[in-house]
Number of protein chains: 2
Amino acid sequence: MSGKHTIDDIARLAGVSKATVSRVLNHKPDVDPNTRQRILRIVEEQGFVPSITASGLAGGRSRLIGVLVPSFTWPFIPDVMRGIAEVIGQTQYELVLYSINDRLRENNRTSVIDRILATKLTAGLLAIFPGMTSPHLGRLFQHDFPTVVIDDQALPPDTPWVGANNITGAYTAVSHLIKLGHRRIAHIPGPLKLLCSRERYQGYCQALEEHGLPLDPDLLIEGDFQPKGGRLSANKLLNLPAEKRPTAIFAGNDQMAYGVLAAAEERGMRVPGDLALVGFDDISTSIHVRPALTTVRQPFYKMGQCAIEMLLSALDAPRYPIAGKPFTPFLPASLANHEDGLEIKNANGPEPIRVYLPTSLVVRASCGSPYPFTVPITATPPK
Amino acid sequence: MSGKHTIDDIARLAGVSKATVSRVLNHKPDVDPNTRQRILRIVEEQGFVPSITASGLAGGRSRLIGVLVPSFTWPFIPDVMRGIAEVIGQTQYELVLYSINDRLRENNRTSVIDRILATKLTAGLLAIFPGMTSPHLGRLFQHDFPTVVIDDQALPPDTPWVGANNITGAYTAVSHLIKLGHRRIAHIPGPLKLLCSRERYQGYCQALEEHGLPLDPDLLIEGDFQPKGGRLSANKLLNLPAEKRPTAIFAGNDQMAYGVLAAAEERGMRVPGDLALVGFDDISTSIHVRPALTTVRQPFYKMGQCAIEMLLSALDAPRYPIAGKPFTPFLPASLANHEDGLEIKNANGPEPIRVYLPTSLVVRASCGSPYPFTVPITATPPK
DNA sequence: CTGTTAGCGCATTCAG
DNA sequence: CTGAATGCGCTAACAG
């Protein structure tokens, strides 16, 4: 059961040449069905697993996929990773972890990209929430290195991209607050150099305009996606004179919403009584905070799943269980059941494809709605 | 700058054979200093990075390290990973991610081990909090596969191990509660099949005995390391008749402590007024919950750092920056500054080495101490 | 100290 | 449809 066999052993046992064994292992068509069966059986019996290293060298294409992870500390990384890992588990690919040191500088970001390019270890890269690293990813694209980006970047990407529909999500969240009667709704966006922050801001603006509400610049205070920044921004908002003070806040993510919660508590304001609050992400703790947070849920698991499937399909990867199992043609399963709200841009154009997965509004206590429910967000906001 | 060179190119440019280049790259001693310099310079200039794949194949030893990650959802994984990633970044090694699907069964756990063994992709394995997977890790040991386990296992391990000093940590936490005047202190351990749960329980018992307090079985209700389980156990404890009811609870980890907080809130009890609470781990959110949680801090970052250094040293890995930089002899830096409280068992014996890193008690609001401070835990409890 | 030779385990020609 | 031959890029013996 432990890789002590080589392909030669299998060839000998099956009474064929190793070239034939290799053909079977790689699902080449031109093999006699009986021979194929026999080889597959022996492979199975012996628990033979071809060496990723050797086949990478010989075939010129690796079966390793790089995953570029930003600081592990973002709370949704786990979900994204689960999506990725579960798909990878079905294939012969393995994941190589590239991480970016929070504390190191610019220099470090490019050096990771260089390593990925230079070692030629991996066949492709999944860049998760690259944030400030994303400008450097263009280099990969220029080198024709198969790359898929998951959400959140500082520039419009040069590479295929999977993310959530931030605009629609924000639009629905703010619309919900408006329907609850709020007229002075503040927004604490994340860093506006990040596209996702700008998109959520855009959704916020659209909702206000749509409902004939004014866009008050005093009600917009940029945050940093961290609780501390949220608290800071909230304090500024709540320090406004009573007639300008917001009655509701839409935070750019859940973590900043936690900061808002803290700020409100500090000054004895009750949420949602004195202040309604909506976040964005629906990270796992948001159901546990008090009051439970109303928020826009991002489909993190699906984002990972979809992105890795796109990457594998680009690598022309047959999706079969490990050696010996029948070949299953690839299907981008996560896109197959075209849900409402899914948007795909540049599907066939020369521009890199962009997949926008639908979000949903998870209504809990913090916005002051009578009881919890979920609003799937199925349509783009009217232009 | 992008790996378009092979070792032959460098050899040609330097006017030597590729064998010599290889020697330099691998820090072999027998090379003329001038030649070495020249080669190093050219390597640097050309941005040459040797192929991990090819050198793995040829040398018979891979420069990939496997990391076995349990469900990504444990909140301390990020810290451990950071420690690992930062050390790896200094070396020529890369990380390969193996994850265990939460939802799949037993079967799955062994199959991951099989894959690791069979593909022979990686030179060693770091198993993080293997939990229920740990029994299977014995297989690796039997196959002489270099493995280091980080904390938390169901059985005494057959392989080198790095963790925190659970007994001392728990002992100090409970002693602190006793010093604050508590006499009926309950404990909600994690699953008792996990060694770390039993060790914390042991520390709890030692502290009580040490101070002449009785060990009341009614004050011990096993949890599941999750908030929900903590809440459940806490409810049972708080339902005890007033004279038996605990005035303080020591939760087996922070997440269960959150559950205790919820249970207390539900019945209008105030923490720490009506109930003192101490957790274990000091995960990042514990400073933000209300009241801020007193807890035993585990040195997660260091655990990762220490474990990977042990593994690399076992692989006889020279710790040098990427190709071209001067060779730096390996030093297990994280153990070099022998802090107080560090315990190392079987350092030289036939038994696998076990490293116990010191914990510290982080005193915040939830235990009712006057103000926050940190107690480093420097000594083992008296036997 | 250095060059030459021979593989590592596999994929991929090219002839049959 | 199949086998033999060649080489992926590098390391490790072996001779100089």
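Per chain, numbering begins at 1; letters A, B, ... match sequence-line order. Both backbone and side-chain heavy atoms feed into the values below; hydrogens, waters and symmetry mates do not.
- Closest non-hydrogen pair, B:Leu25 versus B:Phe48, comes out as CD2-CE2, 3.6 Å.
- Atom pair A:Lys28:NZ and C:dA11:C1' shows a separation of 8 Å (rounding to whole Å applied).
- Contact check, B:Thr35 against C:dC1: no side-chain N or O comes under 4.0 Å of OP1 or OP2.
- In this structure, NZ of B:Lys18 is placed 11 Å from P of C:dT5, rounded to the nearest angstrom.
- Heavy-atom contacts of chain B under 4.0 Å fall on DNA chain D between two terminal nucleotides, which in 5' to 3' order are D:dG9 to D:dA13.
- The CD1 atom of A:Ile52 sits 11 Å away from the P atom of C:dA11 (whole-angstrom rounding).
- Counting heavy atoms from C-beta outward, B:Thr159 and B:Phe145 have side chains that stay 4.5 Å or more apart.
- For A:Thr6, taking side-chain heavy atoms from C-beta onward, the closest of the listed nucleotides C:dC10, C:dG3, C:dT12 is C:dC10.
- Residue contacts shown for A:Asp30 include a base, since a base heavy atom lies under 4.0 Å away.
- In this structure, B:Asn34 places its CG atom 14 Å from C1' of C:dT2, rounding to the nearest Å.
- In terms of heavy atoms, B:Thr122 sits closest to B:Ser62 at CA-OG, 3.9 Å.
- Out of C:dT12, C:dG9, C:dT2, the shortest distance to the side chain of A:Ala54 is found at C:dG9.
- Here A:Ser55 does not reach the OP1 or OP2 of C:dC10: none of its side-chain N or O atoms lies under 4.0 Å away.
- Counting to the nearest Å, the P atom of C:dC8 and the NE2 atom of A:His5 are 17 Å from each other.
- Considering every non-hydrogen atom in both A:Val16 and A:Ile39, the closest pair reads CG2-CD1, 3.8 Å.
- Of all nucleotides listed (C:dC8, C:dT13, C:dG9), C:dC8 comes nearest to the side chain of B:Ala58.
- Rounding to whole angstrom units, CZ of residue A:Arg63 and C1' of C:dC10 are separated by 10 Å.
- Here the P atom of nucleotide C:dG9 and the CG atom of A:Leu25 are 15 Å apart, to the nearest Å.
- Which of C:dC1, C:dT4, C:dA11 sits closest to the side chain of B:Ser17 comes down to C:dT4.
- Here the shortest heavy-atom pairing between A:Ser17 and A:Ala11 reads C-CB, 3.8 Å.
- Counting non-hydrogen atoms under 4.0 angstrom, A:Ser51 reaches the backbone sugars and phosphates but no base.
- Of the two residues near DNA chain D, B:Leu57 and B:Ala19, the one whose nearest nucleotide lies more 5' is B:Leu57.
- Under the 4.5 Å side-chain criterion, counting only non-hydrogen atoms from C-beta, A:Leu97 is not in contact with B:Val67.
- Annotation: side chain of A:Met81 is not in contact with side chain of B:Ser99 (no heavy-atom distance under 4.5 Å).
- In terms of position along DNA chain D, the nucleotide closest to A:Val16 lies nearer the 5' end than the nucleotide closest to the other residue of the pair A:Val16 and B:Gly59.
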